[in-house]
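First comes the structure, then the notes that go with it.
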Amino acid sequence: MIVFDLRCDPAGHVFEAWFGSSADYESQRVRGLVDCPLCGSATVEKAVMAPRIGGSADTVDAKALMAALATAQREMLAKSEYVGPRFSDEARAIHLGDAEARSIHGQATRAEAESLRAEGIGVAPLPFPVPPPGSEN
């Protein structure tokens with residue numbers, strides 16, 4: 001696994017992303033599969049980053065990091081309500097005080113998420129895909 005600092009255009013957000021290799025990153029970027037988690041822009045390039053020289057006791061095992069992230073997502077989902085494709089409408093209603101304030105998760109298109117962000121409503125994609133309740137095998 002390799003981590004890259006990436007920068008989106010035009011907003012200039014810098015974020016980290018993990019890939020199997022440099023070739024994996026390039027392949028995903030060319031196919032439009034890499035986008036900014038903050039604004040959704042698919043115009044993403046590698047940002048300048050400091051090189052890592054040698055290993056140390058501080059080196060984090062990528063598998064352990066991914067497992068911890070998956071655990072955190074699972075715990076967060078257990079404390080939130082699945083609203084499915086009504087996510088944008090429900091998030092907006094909560095923001096405006098027209099619905100009960102609570103944690104929710106569901107589905108939104110990139111355009112819907114950008115519209116919510118433009119209205120000052122904080123939304124973020126989940127790190128791992130989540131099947132709708134009842135669809136697990």
Side-chain angles (χ1 to χ4, degrees):
M1 295 291 287
I2 187 168
V3 64
F4 291 123
D5 282 347
L6 303 177
R7 178 184 309 269
C8 74
D9 186 46
H13 298 124
V14 176
F15 57 97
E16 287 186 348
W18 289 86
F19 298 91
S21 66
S22 291
D24 285 345
Y25 158 74
E26 200 55 45
S27 170
Q28 290 179 38
R29 186 188 64 78
V30 167
R31 292 182 290 152
L33 300 176
V34 180
D35 55 34
C36 177
L38 301 171
C39 68
S41 173
T43 306
V44 174
E45 297 293 334
K46 288 183 192 175
V48 176
M49 53 190 285
R52 181 173 195 118
I53 311 292
S56 72
D58 295 332
T59 302
V60 176
D61 178 2
K63 287 183 183 178
L65 179 62
M66 297 300 277
L69 190 57
T71 298
Q73 177 174 303
R74 210 172 17 259
E75 290 171 0
M76 182 180 64
L77 292 175
K79 297 175 185 173
S80 69
E81 178 185 343
Y82 176 74
V83 295
R86 299 184 345 251
F87 179 82
S88 294
D89 292 335
E90 197 67 24
R92 190 171 284 110
I94 291 169
H95 179 74
L96 296 173
D98 295 336
E100 173 191 355
R102 66 200 188 283
S103 296
I104 62 172
H105 66 279
Q107 298 129 2
T109 65
R110 181 178 291 168
E112 290 169 334
E114 288 172 359
S115 177
L116 290 170
R117 285 187 199 103
E119 295 174 41
I121 302 170
V123 297
L126 294 171
F128 302 105
V130 178
S135 68
E136 297 87 14
N137 293 333

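Taking the six-membered ring for Trp and thresholds of 30 and 60 degrees, Phe19 and Tyr25 have ring planes more than 60 degrees apart, a perpendicular arrangement.
One hydrophobic cluster, built from ILVMFWY side chains closer than 4.5 Å, cannot hold both Leu69 and Trp18; they sit in different ones. No chain of hydrophobic side-chain contacts below 4.5 Å, direct or via other Ile, Leu, Val, Met, Phe, Trp or Tyr residues, connects Tyr82 to Val123. In the hydrophobic clustering of this structure, Val34 groups with Ile2; members are Ile, Leu, Val, Met, Phe, Trp, Tyr whose side-chain heavy atoms approach within less than 4.5 Å, directly or through other members. If you chain together hydrophobic residues whose side chains sit under 4.5 Å apart, Val83 and Ile121 fall into the same group.
Using a 4.5 Å heavy-atom cutoff, the side chains of Lys79 and Ser103 are not in contact. At least one side-chain heavy atom of Ser88 sits less than 4.5 Å from a side-chain heavy atom of Leu116. Proximity of Ser22 to Lys46: side-chain heavy atoms (C-beta onward) are separated by under 4.5 Å at one or more points.
Legend: residues meeting salt bridge (charged side-chain N to carboxylate O under 4.0 Å, His left out) with Glu90, ordered by chain and number and at least two apart, are Arg86, Arg102. For Ala67, the side-chain contact (heavy atoms from CB on, under 4.5 Å) criterion is met by no residue, not counting sequence neighbours. Evaluation of the side-chain hydrogen bond (donor to acceptor under 3.5 Å, both in side chains) rule for Glu114 yields no partner, not counting sequence neighbours.
In plain terms, the two heavy atoms of Ala17 and Leu6 that are nearest each other are CB-CD1, 3.7 Å. Here the shortest heavy-atom pairing between Phe87 and Ala108 reads CD2-CB, 4.0 Å. In plain terms, the two heavy atoms of Val44 and Cys36 that are nearest each other are CG2-N, 4.0 Å. Scanning all heavy atoms of the two residues, the minimum distance from Arg117 to Pro37 falls at NH2-O, 3.7 Å. Contact record, Pro127 with Gln73: CD-OE1, 2.9 Å, taken as the closest heavy-atom pair.
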task = Start with the C-alpha distance between His95 and Glu119, add both sets of side-chain angles, then the distance that settles side chain to side chain contact (heavy atoms under 4.5 Å, CB included), and finish with yes or no.
result = CA-CA 9 Å; His95 179 74; Glu119 295 174 41; 5.7 Å; no
message = Walk me through whether Arg74 and Thr71 qualify under side chain to side chain contact (heavy atoms under 4.5 Å, CB included).
response = CA-CA 5 Å; Arg74 210 172 17 259; Thr71 298; 3.2 Å; yes
message = Walk me through whether Arg29 and Glu45 qualify under side chain to side chain contact (heavy atoms under 4.5 Å, CB included).
response = CA-CA 8 Å; Arg29 186 188 64 78; Glu45 297 293 334; 3.5 Å; yes
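Proximity of a side-chain donor or acceptor of Arg7 to a complementary backbone N or O of Ala47 within less than 3.5 Å is not detected.
One finds the SG atom of Cys8 at 9.5 Å from the CG atom of Asp35 (value rounded to the nearest 0.5 Å).
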